[in-house]
Amino acid sequence: MFPRDFAWGAATSAYQIEGGWQADGKGPSIWDTFCHEKGRVYADQNADMACDSYKLWEKDLECVKQLGLTHYRLSLSWARLLPDGTTQHVNDRGVQYYNKVINDLLACDVSPMVTLYHFDLPQTLQDQGGWKSPGIATLFDNYAKFCFQTFGDRVKLWITINEPYVCAKLGYEDGIHAPGLKEKGISAYVVGHNMLRAHAMAWHSYNCLYRAKQKGAVSLAINSDWFEPLNPGCREDIAATERALAFALGWFAWPVFVTGDYPGIMRSAIDAESKKLGYNGASRLPCFSKDDPAILGTADFFALNYYTSRKVKPGGGCKQVLAMSSDRDLEEVIDPSWPICGVSWLAVGPHGLRNLLKYIKDTFRNPAVYITENGFCQVGPVHIEDVQRCEFYKSTILEVDRAIQEDGVDVRGYFAWSLMDNFEWADGFSVRFGLFHVDFSDAALRRTVYRSGKEYAKIISKHKTGKWKCQQLAKKQHS
Ligand code: BGC
């Protein structure tokens, strides 16, 4: 019982699949630099080649068609289009590549959802301060306008920035993602702030310059776990849960959807911690000034990346170190009934997606929601017959259905992460999220559908509506 024209998609990102890291005039990105340093990534792997989608795009398109997707979410490599990050120098061959991808998709009646930024900042911009520098917002806006201008006649669903939380926390607090900085308790907030400013500038540009003609929609993809109190009857655990949600989903969703500013819970927790530690000066969580673009209202839909759930209780305070973890002051617990799939952080909880969707409806004024990422991985010996992942997709999609039918959430689409196995950031190729297996030891990088891919294709074919259903029927009659 999915709504008419529900988007059935799968997602990838440029650095994780494309390879061709120096091909045809592409500039380096911070992930190229990061992976080429020793000790950063599992077994010192890198995505110089990855799935080689820069060359093998047509093989990816076969996978998209085999699943029967109505939508495909991809990201553009900023440094492939603008090698030094600025519009002073455009790499035409990069433009040609994405034109082909977009045109091929449309020729198969698959709608592209395009992410402008999925973790891979041009290295030249990093050298000028990267996301810590306030000037990055204007540079991003110029890049966004270039993309709207170049591809917006055909792309109608845009994501400006993927997971600002992950970029800020893993890149600048934990140092496990590029650019690998560990500037605890300070830089992640600055980076998050500049990402919000950059996103808002790009949204306003689209709104003023392109919307009337191109008639598309723009948002940013916000990731969050679902959090629930360890002891639902305990007031402290309930408060800890509110804090957890404020520091994850709320950090970016509250400014965009509710007030134009950060959640009060977040600022007061950070400021109280600063006071405790004798940290003087302005709040570590930056304030929006009147010169900043208005943040409130800069999303045409809610884009949610959801993977896992946690139970929470207060962390016990008194850590005596400046860090986001001290500001959040939480202890996270995985319920023993939630199976861990492959990586330690991924406790599978499809129920959490339904709860999060309901929370979004109630907290963020019932927005249209696209689930822009959700998935399940394999580690170790590969099982093409990935029965567990089949169960995962079935139970997750059932929860989405319940969120729509029973809770009245306006969910417009679901994108599985990922179309195919790819470079899983610091875990390299050891962690596989694909609906298609990629044989990285084979020179041809053969793609083979997993059982879960077939299962997802069945679900899609059963639920497709609108123009996609008509085509499916026509195809059947024809054959
Ligand atoms: C990211 C993807 C990543 C996936 C699984 C998300 O945080 O957007 O790039 O591969 O999670 O870890």
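Counting starts at 1 for both ligands and their atoms, in listed order. Numbers here simply count residues along the sequence, with the first being 1. The figures here come from the full heavy-atom set of this structure, side chains too, leaving out hydrogens, waters and symmetry mates.
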Completion exercise
Taking only non-hydrogen atoms of His118 and a 4.0 Å limit, the atoms of ligand 1 in range are 1 (C), 2 (C), 8 (O), 9 (O)

Problem - Side-chain donor/acceptor of Asn91 to backbone N/O of Leu82, under 3.5 Å - result: no

Practice task
Tell me, yes or no, whether the heavy-atom count around Lys156 atom NZ, taken from other residues, nucleotides or ligands under 6.0 Å, exceeds 12.
Solution key: yes

Practice task
Mind telling me whether Phe34 and Trp31 have parallel, tilted or perpendicular rings, with 30° and 60° as the class edges?
Solution key: perpendicular

Problem - Arg40 and Glu37 ion-paired at < 4.0 Å - result: yes

Exercise for the section: For Glu163, take its heavy atoms, then give the atoms of ligand 1 lying under 4.0 Å from any of them. Expected result: 1 (C), 6 (C), 7 (O), 8 (O)

Practice task
Kindly check if the number of other-residue, nucleotide or ligand heavy atoms within 6.0 Å of CD (Gln45) is above 12?
Solution key: yes

Exercise for the section: Would you please determine whether Asn162 falls within less than 4.0 Å of ligand 1 on a heavy-atom basis? Expected result: yes

Exercise for the section: Using a 4.0 Å heavy-atom threshold (strictly under), name the region of Asn422 that reaches ligand 1: side chain, backbone, both or neither. Expected result: neither

Fill in the blank from the handout: One should read off an interatomic distance between Met113 CE and Ile159 CD1, to the nearest 0.5 angstrom, of 4.5 Å

Fill in the blank from the handout: Taking every heavy atom of Tyr189 against every heavy atom of Leu285, the minimum-distance pair comes out as CD2-CD1, 3.8 Å

Problem - Nearest neighbour in protein (non-hydrogen) for atom 4 (C) of ligand 1 - result: Tyr307 OH, 3.3 Å

Problem - Which residue and heavy atom of the protein sit nearest atom 6 (C) of ligand 1, plus the separation - result: Glu373 OE1, 3.0 Å

Problem - Atom indices of ligand 1 within 4.0 angstrom of Trp425 heavy atoms, with elements - result: 2 (C), 3 (C), 9 (O), 10 (O)

Handout entry: Contact atoms of ligand 1, heavy-atom distance to Glu424 under 4.0 Å
Key = 3 (C), 5 (C), 10 (O), 12 (O)

Handout entry: Six-ring centre of Tyr450, Arg389 cation under 6.0 angstrom, axis tolerance 45°
Key = yes

Fill in the blank from the handout: In ligand 1, the atoms that come under 4.0 Å of a heavy atom of Phe433 are 5 (C), 12 (O)

Exercise for the section: Could you say whether the N/O atoms of Ser13 and ligand 1 ever approach to under 3.5 Å? Expected result: no

Handout entry: Sub-3.5 Å N/O-N/O distance, Trp345 and ligand 1
Key = no

